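Only heavy atoms go into these numbers, but all of them, side chains included; no hydrogens, no water, no symmetry mates. Predicted model only: the values in this text are computed from it and were never measured.
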Amino acid sequence: QVIRNRTPDNDTLSHDETGLLAADENGRRLRAEHSIAYLVAASQATEQPLLGHLTRVLSGALGRDKVLTGSADGKVLIWDAMGKQIEQVLDTGCGPISALALAADGAAVFITCGMDQIQLLDLATTRVVLSLPNPTGFLPNRMQVAEDGRLLLLHDENRSGAIPLMPETW
């Protein structure tokens, strides 16, 4: 099961005034205000604050067994599925993580590394597995892996683009 950065109505998410970063088909939502991300489960009326970033939270993704948030200082925090505990901290050295997306298998994460590059980090080793040029000419604020796992879809407020992936070569 691959979680997409889409609303339950299958509408692509945008960064709007509410700070919505991601939503999944189970009704979970991830939003951010400054350096705090909030996870809302469909069955709960309250938000779970995810406290751990020291700078502005810019991006997020919901996985089946984890929640990821990326911030302006280049850090990606990996939380348990309920957002109660930080399980891993990735200090990417890439500058602001304006967008991130879990790989189809959930074992790696795609991150923006400046405007010109996308990196794939293995979550087990924290090493860069793949560096891809960003041919779109814009800095994405959302990313997602296509259903078949063969494209990385990039979006900003006005544009979309795609990078072909060949997972069998990683």
Side-chain angles (χ1 to χ4, degrees), residues 1-16 19-26 28-32 37 53 56-79 81 87-170:
Q1 177 184 13
V2 179
I3 311 284
R4 304 286 175 227
N5 287 339
R6 294 186 172 271
T7 67
D9 298 334
N10 210 28
D11 296 325
T12 302
L13 293 176
S14 64
H15 286 63
D16 59 15
L20 189 62
L21 301 173
D24 68 15
E25 62 270 9
N26 298 319
R28 291 187 307 163
R29 293 185 172 289
L30 182 64
R31 69 177 192 85
H53 285 287
R56 187 172 188 83
V57 176
L58 301 173
S59 56
L62 296 168
R64 192 174 343 139
D65 61 348
K66 59 181 91 38
V67 175
L68 288 82
T69 53
S71 62
D73 63 1
K75 289 193 169 98
V76 175
L77 300 185
I78 302 169
W79 308 79
E87 295 180 341
Q88 193 174 2
V89 177
L90 304 176
D91 193 353
T92 67
C94 281
I97 308 297
S98 67
L100 57 82
L102 275 170
D105 63 2
V109 62
F110 289 97
I111 63 166
T112 53
C113 193
M115 187 167 148
D116 300 327
Q117 192 175 51
I118 306 293
Q119 290 186 345
L120 178 65
L121 301 174
D122 181 284
L123 296 179
T125 66
T126 70
R127 292 197 175 141
V128 176
V129 177
L130 185 66
S131 285
L132 300 167
N134 177 3
T136 64
F138 64 86
L139 181 64
N141 63 13
R142 290 185 324 281
M143 279 195 290
Q144 66 194 69
V145 177
E147 292 290 331
D148 64 4
R150 300 234 173 247
L151 289 174
L152 181 63
L153 307 173
L154 310 173
H155 312 278
D156 74 0
E157 296 304 322
N158 302 310
R159 296 168 285 195
S160 294
I163 298 175
L165 300 175
M166 296 187 319
E168 61 275 2
T169 65
W170 302 344

Rounded distance [0.5 Å steps], [atom1] in [X] versus [atom2] in [Y]:
X    : Y    : atom1 : atom2 : value
L68  : E87  : CG    : CD    : 9.5 Å
L132 : L165 : CG    : CG    : 6.5 Å
I163 : L151 : CD1   : CG    : 9.5 Å
I118 : L100 : CD1   : CG    : 10.5 Å
R127 : Q119 : CZ    : CD    : 14.0 Å
L139 : T112 : CG    : OG1   : 6.0 Å

Shortest non-hydrogen contact from [X] to [Y]?
X    : Y    : value
R29  : A23  : NH1-CB, 3.6 Å
F138 : N134 : O-ND2, 3.0 Å
A22  : A61  : CB-CA, 4.3 Å

(request) Among V57, L20, D24, V67, find the one that has a side-chain contact (heavy atoms from CB on, under 4.5 Å) with L30. (result)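 The passing option is V67.
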(request) For S71, check side chain to side chain contact (heavy atoms under 4.5 Å, CB included) against everything at least two apart and list the hits. (result)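 So S71 forms a side chain to side chain contact (heavy atoms under 4.5 Å, CB included) with H53, T55, D73, K75.
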(message) Can you list everything that forms a side chain to side chain donor-acceptor pair (under 3.5 Å) with T126? Sequence neighbours excluded, please.
(response)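 By the side chain to side chain donor-acceptor pair (under 3.5 Å) rule, T126 matches no residue at all.
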(message) Restricting to side chain to side chain donor-acceptor pair (under 3.5 Å), what partner residues turn up for T125, sequence neighbours left out?
(response)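 Residues passing side chain to side chain donor-acceptor pair (under 3.5 Å) with T125: D122.
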(message) Has R28 got a side-chain atom pairing as donor or acceptor with G63's backbone, closer than 3.5 angstrom?
(response)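 Present.
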(message) Has S98 got a side-chain atom pairing as donor or acceptor with P140's backbone, closer than 3.5 angstrom?
(response)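 Yes; at least one donor-acceptor contact below 3.5 Å.
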(request) Kindly write out the residues that satisfy salt bridge (charged side-chain N to carboxylate O under 4.0 Å, His left out) with R56, not counting sequence neighbours, or none if the list is empty. (result)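 Partners of R56 by the salt bridge (charged side-chain N to carboxylate O under 4.0 Å, His left out) criterion come out as none, since no residue qualifies.
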(request) Check the pair V109, L123 against side-chain contact (heavy atoms from CB on, under 4.5 Å), reporting the backbone distance first and the verdict last. (result) CA-CA 7 Å; V109 62; L123 296 179; 3.8 Å; yes
(request) Please examine the side chains of L153 and V145, heavy atoms only from C-beta on, and report whether any two atoms are closer than 4.5 Å. (result)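 No - every pair of side-chain heavy atoms lies 4.5 Å or more apart.
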(message) By the disulfide (SG to SG under 2.5 Å) test, which pairs, at least two apart or in different chains, include something from residues 119-153?
(response)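 Sorted pair list comes back empty.
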(request) For residues 111-160, pull every pair meeting disulfide (SG to SG under 2.5 Å), keeping only residues two or more places apart or in separate chains. (result)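 Residue pairs passing disulfide (SG to SG under 2.5 Å), neighbours aside: C94-C113.
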(message) Is there a side-chain contact (heavy atoms from CB on, under 4.5 Å) between L58 and I97? Walk through the geometry before answering.
(response) CA-CA 7 Å; L58 301 173; I97 308 297; 5.8 Å; no
